[in-house]
Amino acid sequence: MKPITLILLLAFSTPLLAQNDTLIINDDYKWKIGVKGFVESSSFFNDFKPTYFNYGVQGSYNISKNNNIETGIYYIKRLSNMHLLSKNMFNTSIESYDVTKLFIPLCFNKSVYLTKMYSLSLSIGGYWEYLLKDNFKLPEDMLPPTHLYDMKSVFGLTYNVGLERNIREDLSFLISCGINNNISPLKSYDEELRFIEFSYFISISLLKKI
């Protein structure tokens, strides 16, 4: 989490960016493009919180002054399934399964002007995930099922809220947090597997206005 903390301090530190008090903001733009990194976590019980750092590129197109359509492509890792092996008052034993995917969202964003330097971003939309690889280990005498824990294509809904700060006329930071909600029916040969339906994230984007 140290890189996240450092970027947050850099982006929102008043002393470091005090010269931006006289910044002329470019509002005459159609596109924002940039890079995005986000920490994503799924929480099970009180002592099992797998966390991954994911990244990719994002872009948005203004359809009106305060509204835009956002998309992107991200290389992500996340917990797909977990299997409770045993649990007692002293210890919880869990077997987990990771997947690597392409993550492509399509969201509608609403910007709310706060001050000259800051604006609030509200976003809702959907996403498509494509499975690239996994670390699943089937028993030697078990044939792969039709759907191996996770289907190739998964769809879901995403919601987030963010705070954007202008750091240059054509450059800004966006800090967001939100929830991804899987809505696809995942299948498995093991009825004891518990599928992950929600994940939580905090993200940092560096965006250029064009």
Side-chain angles (χ1 to χ4, degrees), residues 3-4 7-8 10-12 17 20 23-42 51-78 80 99-132 152-184 196-210:
I4 301 293
I7 295 175
L8 284 170
L10 178 62
F12 291 93
L17 299 171
N20 284 333
L23 192 65
I24 299 175
I25 306 302
N26 175 22
D27 290 324
D28 186 23
Y29 67 92
K30 280 292 184 182
W31 296 89
K32 283 184 182 179
I33 58 173
V35 293
K36 180 177 181 177
F38 55 101
V39 175
E40 187 177 48
S41 179
S42 301
T51 300
Y52 303 94
F53 179 76
N54 301 316
Y55 55 89
V57 295
Q58 75 175 92
S60 63
Y61 177 78
N62 273 5
I63 55 177
S64 65
K65 183 177 180 181
N66 296 316
N67 303 298
N68 65 75
I69 299 295
E70 177 189 331
T71 188
I73 184 167
Y74 305 95
Y75 183 83
I76 69 170
K77 288 189 67 176
R78 72 162 51 128
S80 179
V99 290
T100 301
K101 298 182 175 185
L102 287 181
F103 178 88
I104 301 176
L106 183 62
C107 303
F108 173 79
N109 296 344
K110 175 72 175 180
S111 296
V112 180
Y113 178 83
L114 299 178
T115 68
K116 182 179 180 180
M117 299 300 302
Y118 294 95
S119 61
L120 185 69
S121 175
L122 305 174
S123 178
I124 184 171
Y127 64 83
W128 173 61
E129 295 178 355
Y130 182 77
L131 182 65
L132 297 176
K152 279 288 186 181
S153 290
V154 174
F155 296 91
L157 301 174
T158 183
Y159 321 88
N160 69 80
V161 59
L163 183 65
E164 185 171 5
R165 171 165 180 154
N166 294 298
I167 57 175
R168 255 179 32 188
E169 177 183 355
D170 60 347
L171 199 64
S172 64
F173 268 110
L174 175 64
I175 311 298
S176 301
C177 62
I179 299 174
N180 292 324
N181 177 18
N182 166 54
I183 60 175
S184 294
I196 308 306
E197 296 183 352
F198 291 92
S199 59
Y200 311 89
F201 66 88
I202 180 170
S203 67
I204 301 176
S205 303
L206 179 62
L207 301 169
K208 181 174 177 58
K209 301 174 183 178
I210 299 177

> Does the pair Leu102 and Leu131 meet the rule for a side chain to side chain contact (heavy atoms under 4.5 Å, CB included), with working shown?
Replying inline: CA-CA 7 Å; Leu102 287 181; Leu131 182 65; over 6 Å; no
> Would a distance-only check, ignoring hydrogens and angles, find a side-chain to backbone donor-acceptor pair under 3.5 Å from Ser205 to Lys36?
Replying inline: no
> Could you state the interatomic distance from OG (Ser203) to CG (Asn160), rounded to the nearest 0.5 Å?
Replying inline: 6.5 Å
> Hey, which of Arg165, Lys209, Glu164 is the one that makes side-chain hydrogen bond (donor to acceptor under 3.5 Å, both in side chains) with Ser172?
Replying inline: Glu164
>> With side chain to side chain contact (heavy atoms under 4.5 Å, CB included) as the criterion, how do Ser121 and Leu174 come out once you've worked through the C-alpha distance, each side chain's angles and the decisive distance to 0.1 Å?
In response: CA-CA 9 Å; Ser121 175; Leu174 175 64; 4.3 Å; yes
> Can you name the closest pair of heavy atoms from Lys116 and Asn166 and give their distance?
Replying inline: O-ND2, 3.6 Å
>> Quick check: closest heavy atoms across Ile179 and Phe201, and the distance to 0.1 Å?
In response: N-CE2, 3.5 Å
> Which atom names give the shortest non-hydrogen contact between Gln58 and Tyr74, and what distance separates them?
Replying inline: CB-OH, 3.0 Å
> Hey, are the side chains of Asn67 and Phe108 touching, using non-hydrogen atoms and a 4.5 Å cut-off?
Replying inline: yes
> Please walk me through it: do Leu122 and Leu120 pass side chain to side chain contact (heavy atoms under 4.5 Å, CB included)?
Replying inline: CA-CA 7 Å; Leu122 305 174; Leu120 185 69; 4.3 Å; yes
> Mind checking whether Tyr29 and Asn62 have side chains closer than 4.5 Å, heavy atoms only?
Replying inline: yes
>> Please check: side-chain N/O of Asn182 versus main-chain N/O of Ser184, any donor-acceptor pairing under 3.5 Å?
In response: yes
> By ring-ring contact (aromatic ring centres under 6.0 Å, His included), which residues pair with Tyr130, not counting sequence neighbours?
Replying inline: Trp128
>> Within the structure provided, determine whether Thr100 and Ile76 are in side-chain contact (heavy-atom separation under 4.5 Å).
In response: no
> Can you list the residues that meet the side-chain hydrogen bond (donor to acceptor under 3.5 Å, both in side chains) rule with Ser60, with sequence neighbours excluded?
Replying inline: none
>> I'd like to check Ile124 versus Leu157 (side-chain heavy atoms, cut-off strictly below 4.5 Å). Are they in contact?
In response: no
> Which residues pass the ring-ring contact (aromatic ring centres under 6.0 Å, His included) test with Tyr127, sequence neighbours left out?
Replying inline: Phe103
>> Please give me the minimum heavy-atom distance between Thr158 and Cys107, naming the atom from each residue.
In response: CG2-SG, 3.6 Å
> Step by step, would you call Val57 with Ile33 a side chain to side chain contact (heavy atoms under 4.5 Å, CB included)?
Replying inline: CA-CA 8 Å; Val57 295; Ile33 58 173; over 6 Å; no
>> My understanding is that only residues two or more places apart in sequence, or in another chain, count here; which of them pass salt bridge (Lys or Arg N to Asp or Glu O under 4.0 Å) with Glu40?
In response: Arg78
> For Ser123 and Asn109, which heavy atoms make the closest approach, and how far apart are they?
Replying inline: OG-OD1, 2.6 Å
> Does some side-chain heavy atom of Ser176 sit less than 4.5 Å from a side-chain heavy atom of Val161?
Replying inline: no
>> Lys30: which residues meet the side-chain hydrogen bond (donor to acceptor under 3.5 Å, both in side chains) condition with it, sequence neighbours left out?
In response: none
>> The test is salt bridge (Lys or Arg N to Asp or Glu O under 4.0 Å); show your working for Asp170 and Lys208 and say whether it passes.
In response: CA-CA 6 Å; Asp170 60 347; Lys208 181 174 177 58; 2.5 Å; yes
> Tyr61: what forms a ring-ring contact (aromatic ring centres under 6.0 Å, His included) with it, not counting sequence neighbours?
Replying inline: Trp31
>> Using 0.5 Å steps for rounding, measure from the CG atom of Asn68 to the CD1 atom of Ile63.
In response: 7.5 Å
> Nearest heavy-atom pair of Leu171 and Leu207: which atoms, and what distance?
Replying inline: CD1-O, 3.2 Å
